[in-house]
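What follows is one structure encoded as structure tokens, with my remarks underneath.
Just follow the structure's listing: the first ligand is 1, and inside any ligand the first atom is 1. These numbers come from the heavy atoms of this one structure, side chains and all, not from hydrogens, waters or symmetry mates.
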Amino acid sequence: MTNAFEGGCACGRVRYRLNSNPMFVHCCHCRDCQRQTGSAFVINALIETDRIEVLSSTPEPVSVPTDSGRPHDIYGCPECKTALWSDYGRRPAIRFVRVGTLDDASALVPDVHIFTRSRLPWVGLPPDVPAFDVYYDMKTLWPAESLERRRAILGDR
Ligand SMILES: [Zn+2]
Ligand SMILES: [Zn+2]
């Protein structure tokens, strides 16, 4: 684990560092993500909360309604409100970090495209990356090491 990635909000008040590679990277084309970003999709790096080192300020959560009814809290800068990461399902040990907030947004590439059923029709998908209408089976797609990391924080859920 030598890779580290730094990022922050638009105003610069919140700065953070990911202290390792994420477990997996989602590109989500669902309607919730489109609404919340105002864009075509969101790119989420799934990583243990304790591998996110907040270097300045403290991101604040906002609860948003979801199509699934599951809880979703978005953590953003208290000043400029840039969304930095999500807690899906109130699981304190794992965060979904918005890759677009990294200083180098190209540093992490999606491992999977999900909810492509609502993909905007002009968005092309790379032929070499798995894509699913809705969701997928983690056990077949995640590297063993990432599954082990996930098990360490969440158990078999
Ligand atoms: Zn800010
Ligand atoms: Zn989504």
Note: Arg95-Asp73 ion pair, threshold 4.0 Å (strictly below) = no
Is any side-chain N of the basic residue among Arg15 and Asp103 closer than 4.0 Å to the acidic one's carboxylate O?
-> yes
State whether His29 contributes an N/O/S atom found under 2.8 Å from the Zn ion (ligand 2).
-> no
Would you check if the side chain of Arg119 reaches a backbone N or O of Val123 as a donor-acceptor pair within less than 3.5 Å?
-> yes
Side chain proximity check, Arg149 to Ser20, heavy atoms < 4.5 angstrom = yes
Is any N, O or S atom of Cys30 under 2.8 Å away from the Zn ion (ligand 2)?
-> yes
The Zn ion (ligand 1): angle it makes with SG (Cys9) and SG (Cys77), nearest 10 degrees = 100°
